[in-house]
2 protein chains.
Amino acid sequence: MGNVTIKDIAQICGVGVSTVSRAMNNHPDINQETKDMIMQAIEQNNYVPNNSARNLKRTDAKAIAVLVKGISNPLFNRMIKVIEQVTQKEKYELVLQHVDDNQDEVTVAIELEKEKRLRGIIFLGGYFSHSEEKLRQMSIPFVLSTISLVEEDERQEYASVSVDDIKESYRIVNYLIQNGHKRIAVVGSRKDDESIGWLRLQGYRKALEQNHIQIDEDLICYVNGNLATYSMEAGYEMTDELLKKGKEFTALFAMSDRMAVGACKAILDHGGKIPDEYSVVGFDGMDVAQYYNPSITTIQQPVEEMAEATIRMLLDLIRKKHKSRHLVFEGQLIEGQSVRNIRENEGGANYESKWNTASDQ
Amino acid sequence: MGNVTIKDIAQICGVGVSTVSRAMNNHPDINQETKDMIMQAIEQNNYVPNNSARNLKRTDAKAIAVLVKGISNPLFNRMIKVIEQVTQKEKYELVLQHVDDNQDEVTVAIELEKEKRLRGIIFLGGYFSHSEEKLRQMSIPFVLSTISLVEEDERQEYASVSVDDIKESYRIVNYLIQNGHKRIAVVGSRKDDESIGWLRLQGYRKALEQNHIQIDEDLICYVNGNLATYSMEAGYEMTDELLKKGKEFTALFAMSDRMAVGACKAILDHGGKIPDEYSVVGFDGMDVAQYYNPSITTIQQPVEEMAEATIRMLLDLIRKKHKSRHLVFEGQLIEGQSVRNIRENEGGANYESKWNTASDQ
DNA sequence: TTGTATGCGTTATCAG
DNA sequence: CTGATAACGCATACAA
């Protein structure tokens with residue numbers, strides 16, 4: 001027998017389909033005995049309701065979707081875990097959907113909204129530059145989380161949670177400068193990046209400028225070819241190339257911890273010492289930075305708190321408690337063993353790690 | 001206008017709904033002009049077809065689902081990428097679904113099969129011990145991939161692709177032994193693990209036994225508390241504890257590369273030298289093992305080939321080309337800089353890395 | 001080439 | 001408390 005439906009169950013039990021529906025959906029107005037009888041028949045016949053049909057009819061479904069952009073990032077996993085907990089407690093169903101890098105997330109969102117009768121959407125990652133028209137099609141509230149909003153203007157009107165990538169990037173580069181570094185290489189994303197890569201580079205430039213250090217464009221490395229952005233491999237290859245060119249530098253800022261790991265390895269393979277000859281810093285606050293040898297100084301994003309804020313904000317929007325807001329979190333500079341203070345009048349390397357993080361993935 | 005449907009478009013264009021449907025689905029028997037007109041109206045009115053309704057009607061949908069067990073593993077990301085490519089070429093739609101650790105993947109599969117009218121399913125990760133009854137409910141072919149089939153018997157009848165965890169684990173522990181190590185600690189999963197953790201431990205035991213080395217149960221570390229299995233943190237904590245107990249050992253086998261990283265860090269924090277005082281090996285072949293300092297010797301799983309084999313096997317099953325098969329791939333031992341040969345009559349450490357991997361995530 | 005009518009499997013409505 | 005019946009939005013057999 002191909003597929004057992006609600007009708008079959010009704011027939012088997014000698015009741016109407018609506019009674020079966022009531023039994024399944026915990027409706028109050030049903031006799032306990034008939035309910036038991038029906039549930040038993042459902043068990044015995046391995047009946048599984050068809051979700052497509054359900055979604056089509058249902059009006060009171062409580063579902064929220066998280067659209068994750070790009071190949072899964074360990075940081076996002078931690079965020080999703082938090083979001084899951086909150087939605088569960090609030091009795092919402094959570095739909096997790098991955099969106100390809102080359103896919104348009106708003107299109108996916110609109111489709112999903114219809115298909116699953118969503119009440120709200122969280123966009124996680126990527127960057128956001130969509131036509132107002134398209135965004136207006138979304139008839140349910142949404143929150144942009146961990147998304148770099150490059151343009152200041154209209155985009156501010158959408159609810160969002162993030163860190164200030166420029167500011168945090170500035171913070172860590174400035175930290176290097178305070179430790180006496182002037183020739184600071186940077187290992188980033190693609191040259192045409194308009195997203196976080198671009199923002200973090202702005203922070204780098206700003207830090208140098210404000211400290212009256214001439215920017216050497218040769219020390220700015222962009223990913224080329226088909227290397228995966230922010231990957232260890234990319235960090236390695238770019239640093240390797242930089243070292244081969246013989247450009248002089250005393251510190252390196254990698255725009256992700258994974259790239260920082262690759263950069264460190266390249267330096268070590270070239271016989272360099274960290275932090276004695278080269279200081280290295282990363283960005284994100286992933287566990288690999290903490291456990292690397294040496295542990296890597298980085299900017300830790302408060303992912304759990306950001307996730308909590310994101311889902312709370314969305315729930316508030318759904319309940320019309322308040323209008324869209326723009327929440328910006330502070331990153332935290334975590335000192336590892338990868339930076340050396342090279343100012344003449346002060347002491348040597350800083351070897352005391354201040355790491356204390358949750359585990360990624 | 002709450003939600004524009006196919007009816008609205010039909011009305012706007014002054015045609016029947018079936019004509020609109022035909023226009024959208026590229027049916028051959030339709031006038032090009034009317035088709036253009038309809039497509040334009042669809043654009044202008046931002047009409048997006050409801051997938052739930054589609055799934056309900058459609059009989060010829062070609063969709064395949066990948067059910068990924070547990071929080072996303074970087075290795076799986078690489079596999080999914082391959083599966084995506086093949087399915088795209090073969091004109092199948094790919095549905096990616098994550099399954100919680102505490103969720104039953106077969107239940108999810110059965111639901112999804114009905115909802116999306118699937119033609120086949122790939123189970124990725126986790127371990128598999130389900131009642132025959134439940135599995136019989138699945139009326140479409142499926143392949144178990146990267147899943148440890150602990151029991152030899154009936155399970156062999158299901159299609160599967162994997163490495164032999166016992167054998168590969170044996171291989172790398174035996175490698176340590178060949179390098180003169182006798183006191184080999186192991187950092188694994190939970191004590192009650194019945195999955196790959198258990199299998200890899202079997203390989204460890206077998207290697208020691210066959211080399212007539214007494215097994216010291218004190219050197220076998222199990223994850224306890226709520227540490228995430230296979231995480232860097234778990235690797236660190238277990239190794240830290242082991243070192244604090246003062247148990248003597250010259251080598252350590254971590255059951256995942258991420259744990260190996262944590263283990264290395266713990267050793268280094270205790271002032272130990274790798275590989276001079278402690279040799280460390282991992283398992284998986286992730287990029288972090290390659291880029292760690294020192295790079296870590298490990299067993300590399302041929303993930304891309306396994307993914308290709310998995311989807312090919314599923315497609316063959318769908319086309320009824322052949323019956324279920326059981327494919328086992330060979331792992332490859334990749335030598336890093338983390339193992340030292342301590343046999344008296346031979347040379348020193350092996351410092352030449354043979355790493356050459358694709359990038360994770 | 002096009003329109004009409006039917007049904008996919010459920011839930012909501014309304015009358016018993 | 002329960003059962004018939006009408007939607008939900010779409011695809012398709014069949015008629016035109």
Side-chain angles (χ1 to χ4, degrees), chain A residues 1-39 41-42 45-63 93 110-118, chain B residues 1-39 41-42 45-63 93 110-118:
Chain A
M1 83 184 177
N3 249 333
V4 37
T5 75
I6 196 174
K7 270 186 187 168
D8 299 323
I9 300 296
Q11 215 157 37
I12 290 167
C13 296
V15 300
V17 287
S18 39
T19 310
V20 178
S21 176
R22 276 189 275 262
M24 294 191 307
N25 298 310
N26 293 319
H27 276 193
D29 50 350
I30 185 173
N31 187 313
Q32 186 61 40
E33 284 174 40
T34 49
K35 181 172 175 179
D36 291 344
M37 193 249 297
I38 290 167
M39 293 313 279
I42 286 176
N45 294 278
N46 300 318
Y47 165 63
V48 177
N50 182 317
N51 272 323
S52 285
R54 278 191 149 168
N55 292 330
L56 205 53
K57 249 339 262 185
R58 236 183 209 159
T59 57
D60 66 326
K62 286 175 62 175
E93 193 197 338
I110 294 169
E111 268 185 52
L112 205 62
E113 174 190 337
K114 298 206 175 190
E115 179 178 342
K116 303 270 190 180
R117 290 271 152 82
L118 301 176
Chain B
M1 58 156 209
N3 247 333
V4 39
T5 74
I6 196 173
K7 268 187 188 169
D8 300 322
I9 300 295
Q11 217 155 38
I12 290 167
C13 297
V15 299
V17 287
S18 45
T19 310
V20 178
S21 176
R22 277 190 274 264
M24 294 192 305
N25 299 310
N26 292 319
H27 269 126
D29 50 349
I30 185 172
N31 188 312
Q32 186 61 41
E33 285 173 39
T34 47
K35 181 174 176 179
D36 290 343
M37 193 247 299
I38 291 168
M39 293 313 280
I42 287 177
N45 294 278
N46 301 319
Y47 165 62
V48 176
N50 183 315
N51 271 322
S52 285
R54 281 192 149 167
N55 292 330
L56 207 51
K57 270 308 288 186
R58 235 185 214 158
T59 57
D60 66 325
K62 285 174 65 176
E93 193 197 340
I110 293 169
E111 268 184 50
L112 207 61
E113 175 189 336
K114 298 205 175 191
E115 179 177 343
K116 303 271 190 177
R117 291 270 151 83
L118 301 177

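Chain letters run A, B, ... following the sequence lines, proteins first and then strands; every chain starts at 1.
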Report which part of the nucleic acid [X] touches: base, sugar-phosphate, or nothing (heavy-atom distance under 4.0 Å, all strands).
| X | value |
| --- | --- |
| Val15(A) | sugar-phosphate |
| Asn55(B) | nothing |
| Asn50(A) | sugar-phosphate |
| Thr5(B) | sugar-phosphate |
| Asn51(A) | nothing |
| Ser52(B) | nothing |
| Asn31(A) | sugar-phosphate |

Roughly how far, to the nearest 0.5 Å, is [atom2] of [Y] from [atom1] of [X]?
| X | Y | atom1 | atom2 | value |
| --- | --- | --- | --- | --- |
| Met37(B) | Thr19(B) | CE | OG1 | 9.0 Å |
| Ser18(B) | Asn25(B) | OG | CG | 11.5 Å |
| Ile12(B) | Lys7(B) | CD1 | NZ | 14.0 Å |
| Met39(B) | Ile9(B) | CE | CD1 | 10.0 Å |

| field | Terminal contacting nucleotides, 5' and 3', DNA chain C versus chain B (heavy atom, 4.0 Å) | value |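 Under 4.0 Å from chain B, the extent on DNA chain C is dT1(C) to dG9(C).
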
| field | Residue met sooner reading DNA chain C from 5', once Lys57(B) and Ser18(B) are mapped to nucleotides | value |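 Final value for this comparison: Ser18(B).
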
| said: Between Lys116(B) and Glu111(B) (salt bridge meaning N to carboxylate O under 4.0 Å), is one present in this structure? | reply: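 No salt bridge links Lys116(B) with Glu111(B).
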
| query | Does some side-chain heavy atom of Ile6(B) sit less than 4.5 Å from a side-chain heavy atom of Ser21(B)? | reply |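 Ser21(B) vs Ile6(B): side chains touch.
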
| said: Taking any atom closer than 4.0 angstrom to a non-hydrogen atom of chain B, what span of DNA chain D does the protein reach, first nucleotide to last? | reply: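 For DNA chain D, the relevant span reads dG9(D) to dT12(D).
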
| message | Main chain of Ala63(A), side chain of Arg117(A): is a donor-acceptor contact present, judged purely on distance under 3.5 Å? | response |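 Judged by distance alone, no pair lies under 3.5 Å.
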
